[in-house]
Number of protein chains: 4
Amino acid sequence: MSQARKPNPARRSERSRRAVLDAARALVSEVGYAKVSIEAIASRAGVGKQTIYRWWPSKGAVIFDSFLELSRGEDGVRLPDTGDLEADLKTVMRATVAEFADPVFEAPVRALNLEIVADPALADAYREKLAGPVDEAKKERLRSAQRAGQLAADADLDLVLEVLYAPLHQRWLHRSGPLTPEYADALVEITLRAFAP
Amino acid sequence: MSQARKPNPARRSERSRRAVLDAARALVSEVGYAKVSIEAIASRAGVGKQTIYRWWPSKGAVIFDSFLELSRGEDGVRLPDTGDLEADLKTVMRATVAEFADPVFEAPVRALNLEIVADPALADAYREKLAGPVDEAKKERLRSAQRAGQLAADADLDLVLEVLYAPLHQRWLHRSGPLTPEYADALVEITLRAFAP
Amino acid sequence: MSQARKPNPARRSERSRRAVLDAARALVSEVGYAKVSIEAIASRAGVGKQTIYRWWPSKGAVIFDSFLELSRGEDGVRLPDTGDLEADLKTVMRATVAEFADPVFEAPVRALNLEIVADPALADAYREKLAGPVDEAKKERLRSAQRAGQLAADADLDLVLEVLYAPLHQRWLHRSGPLTPEYADALVEITLRAFAP
Amino acid sequence: MSQARKPNPARRSERSRRAVLDAARALVSEVGYAKVSIEAIASRAGVGKQTIYRWWPSKGAVIFDSFLELSRGEDGVRLPDTGDLEADLKTVMRATVAEFADPVFEAPVRALNLEIVADPALADAYREKLAGPVDEAKKERLRSAQRAGQLAADADLDLVLEVLYAPLHQRWLHRSGPLTPEYADALVEITLRAFAP
DNA sequence: TCATAATCGAGACGGTACGTCGCGTCTTGGG
DNA sequence: CCCAAGACGCGACGTACCGTCTCGATTATGA
């Protein structure tokens, strides 16, 4: 039998790992997700193809990892808490809108979304590693608001986040409308009205 | 100069067109969007590859067109209007939830979403040809509700639709939570509260 | 049954015929025999592909015909007859050598030879329509020499021509040596010695 | 710049090389030179197309190589030397005539000639690798005859070979006459008369 | 301390699909 | 009925990458 070779992570070359992830990120920005090939990543990284196949199961996984790498060290995300929920959320939402408007984020973030839609395993990893911590921070802020009586005490916080963010994400993904600060504000106002105490 | 040989649509073979679209639809269902190749479509359709390249710019466009074809004749979409907005919306939303739960729709609809995210041109076509008419029907129902005083008269109807549907779509796309009738109801209630007169 | 359609030559368009042959000749010179396509000939000639397929059985036949066309009117080829066979033959052979050295003849004549080697039907046509008349003129000169006692009376004239020309043709076809006036002379001398009375 | 990826011959797979050449030879015999495709060779050889393109520049080169392969080990070609030049040459020429009459040789040898006429590089390789050694053996026999006073001491041996063989080759290539033992004899006699001491 | 085993770069391999070219046939509309 | 135009099914082209598979040449322990 062809023994599912298990490489020994202890011997893994850190230098190669970084080179691969850096090359992956650069290529996604330059040519777009669909046109990135493992061959190109290996070549750009100065790495043998086998080294990639040894440590990652798919192109999507490599690129996903390259995003993960970016967000390392961003631990302890924390939302502003001035006591004024509406103001705080508008600050955050306006920042999100601005981020999406940045063309530098366009290619990689769209690539990330493609992977998530296409691959359930990556979707799981995304929720756990990337979205999870951020969502938790947001929910923490919402809980603080619940304690302050600015939000229905029995509101389903996951649902609140969906109502708040999903319209924005969809509009960006589908390019179905402009992403403006006013739009950010409107989403906050609507959400707060929907989940008012 | 880029030549851009323009085929003469008058001579286009209707038989080939149908065969290609049918084959495309079948293959997406059978093997999934990513694994469908133009070669396979041509072969299945009993058509030369050139015939596909002559009339469609990309695999995505073929598959997109195959969806379009499905929804032809569905003109005059019309939402129920019993006078009770909440009940009507819940009916519609529950139906939507059920549709998304149907494994037969899984592959093609996910494929459609991948195309839209990846290709602006297809996103435009989607909004105009597929989403547009349906959205218009929904907005018609909402306008009726506005006249009946069940919805804020100044509500931005596009926004209402986003708040109503985007959470559902996102949950499905990201597989980030269960799609239940209760979830459908919850979205309707929240939306109505947010946009109450 | 699919009736081997027999076109009516009476209705044939002379204008198209010329255009095709001219285009064929031009293309062989420009891109070489192998790279000439019927599609290109038709396009260059401003003629429908069917018109070519209607009147010629193959690409080779078209190109062959284009050579035939060139040699029309060259009727009554006649070799010089000064009474001195050796001098006359040297004149002719030197002219032949010079012709082969002309780069303008290179592509078409090589193409012609390729056709002849590859296609027995064209080889027959070649012998009958192109080589035949010329060979007959040569043999006429040789017969005159036989009468003058400069050549063995029982010499097989076809064989004489082969000994005279085949080495030259082969050297040119295989590029296996230089084609010089001295070479032409040498072939004449050898042949005359071989077939001396 | 033209990149010109150079594969590393050290890593070349001998098994693939043989399989390709064997397949090429078989296909030429079966369907004829013109109808052999690289795709068919690769498929028959159980080899990726890229493996062919990596090591050979053209279909002609593959097929040519397949002939070369056949003649390996045929080193030390040597003509009979009974002391009687005329008898020896007739033996050899009759054998050559018989060879050309063999339908098994028809397709491949004609293919070889087409390549040589069409491609100067292959013509060079032909002269060096295939014709060269054989010609050298023939010239060796002729030198022996010169020493024995059966041939002019100052005869240009390349020319002798041309006069001897070119008529035969041409007759076969152009199918312009029958190849009989008598024809072989006649060529020998003529040549000996032409180059008599 | 050194052999020894895994990882590394490189890249050849059998394949699949790409997007293009040309084949020979067929259809359309004009003269 | 011929003609120009050109769409059609088909087959092959030469290229790009896929994922697997050797190759030496470094490492980096653990005997």
Side-chain angles (χ1 to χ4, degrees), chain A residues 2 5-13 15-16 19 35-43 45-55 57-59, chain B residues 5-13 15-16 19 35-43 45-55 57-59, chain C residues 2 5 7-13 15-16 19 35-43 45-55 57-59, chain D residues 5-13 15-16 19 35-40 42-43 45-55 57-59:
Chain A
S2 86
R5 291 272 303 96
K6 277 198 214 156
N8 176 355
R11 284 181 176 261
R12 179 167 191 180
S13 159
R15 138 188 281 280
S16 294
K35 287 198 180 137
V36 171
S37 68
I38 290 199
E39 209 126 278
I41 296 173
S43 162
V47 139
K49 281 201 289 176
Q50 201 57 249
T51 299
I52 296 183
Y53 284 108
R54 182 150 39 226
W55 302 112
S58 69
K59 176 180 93 168
Chain B
R5 291 266 308 87
K6 278 198 217 154
N8 177 354
R11 295 209 186 279
R12 180 166 191 178
S13 158
R15 138 187 280 280
S16 295
K35 288 200 180 133
V36 172
S37 67
I38 289 198
E39 207 128 272
I41 296 173
S43 160
V47 140
K49 277 200 289 178
Q50 203 58 43
T51 298
I52 297 183
Y53 286 108
R54 183 150 37 228
W55 301 111
S58 67
K59 178 180 88 170
Chain C
S2 86
R5 293 268 307 95
N8 176 355
R11 288 185 174 255
R12 181 167 189 178
S13 157
R15 137 188 282 280
S16 294
K35 286 196 181 142
V36 172
S37 68
I38 289 199
E39 209 124 281
I41 296 173
S43 162
V47 139
K49 281 201 289 175
Q50 202 55 251
T51 299
I52 296 184
Y53 285 108
R54 184 151 36 227
W55 302 111
S58 68
K59 177 180 89 170
Chain D
R5 291 266 308 92
K6 279 197 215 155
N8 177 355
R11 295 209 186 280
R12 180 165 189 180
S13 158
R15 138 186 279 281
S16 296
K35 289 205 180 125
V36 172
S37 69
I38 290 200
E39 206 129 273
S43 161
V47 139
K49 277 199 290 178
Q50 202 56 46
T51 298
I52 298 184
Y53 285 110
R54 182 150 39 226
W55 301 112
S58 68
K59 179 180 88 169

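Proteins get letters first, then strands, A, B, ... in listed order; numbering begins at 1 in each.
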**Message:** For Arg54(D) and Gly46(A), find the nucleotide of DNA chain E closest to each by heavy atoms; which residue's nucleotide sits nearer the 5' end?
**Reply:** Gly46(A)
**Item:** Under 4.0 angstrom between Thr51(D) side-chain N/O and dG14(E) OP1 or OP2
**Value:** yes
**Separation of atom CZ in Arg15(D) from atom P in dA12(E), rounded to whole Å** = 18 Å
**Fill in**
Whole-Å distance, Ile52(B) CD1 to dA17(E) C1', equals 13 Å
**CG-CZ distance between Asn8(D) and Arg54(D), expressed to the nearest 0.5 angstrom** = 11.0 Å
**Message:** What I want to check is whether an N or O donor and acceptor connect the side chain of Arg11(A) with the base of dT7(E) at under 3.5 Å.
**Reply:** no
**Prompt:** Between atom CD1 of Ile41(C) and atom NZ of Lys59(C), what is the distance when rounded to the nearest 0.5 Å?
**Reply:** 7.5 Å
**Prompt:** For dA6(E), does either OP1 or OP2 sit under 4.0 Å from a side-chain N or O belonging to Trp55(A)?
**Reply:** no
**Complete:** Out of dA4(F), dA7(F), dC13(E), minimum distance to the side chain of Asn8(B) belongs to dA7(F)
**Request:** Can you establish whether the number of heavy atoms outside Arg15(A) located under 6.0 Å from its atom CZ is more than 12?
**Result:** no
**Request:** Give the rounded distance in Å between these two atoms: CD1 of Ile41(B) and C1' of dC10(F).
**Result:** 18 Å
**Message:** Can you build the contact string for nucleotides 19-24 of chain E? Use B for base contact, S for sugar-phosphate-only contact, and - for no protein heavy atom under 4.0 Å.
**Reply:** BBBBBB
**Asked** Hey, is the side chain of Ser16(D) poking within less than 4.0 Å of OP1 or OP2 on dG14(E), counting only N and O atoms?
**Response** yes
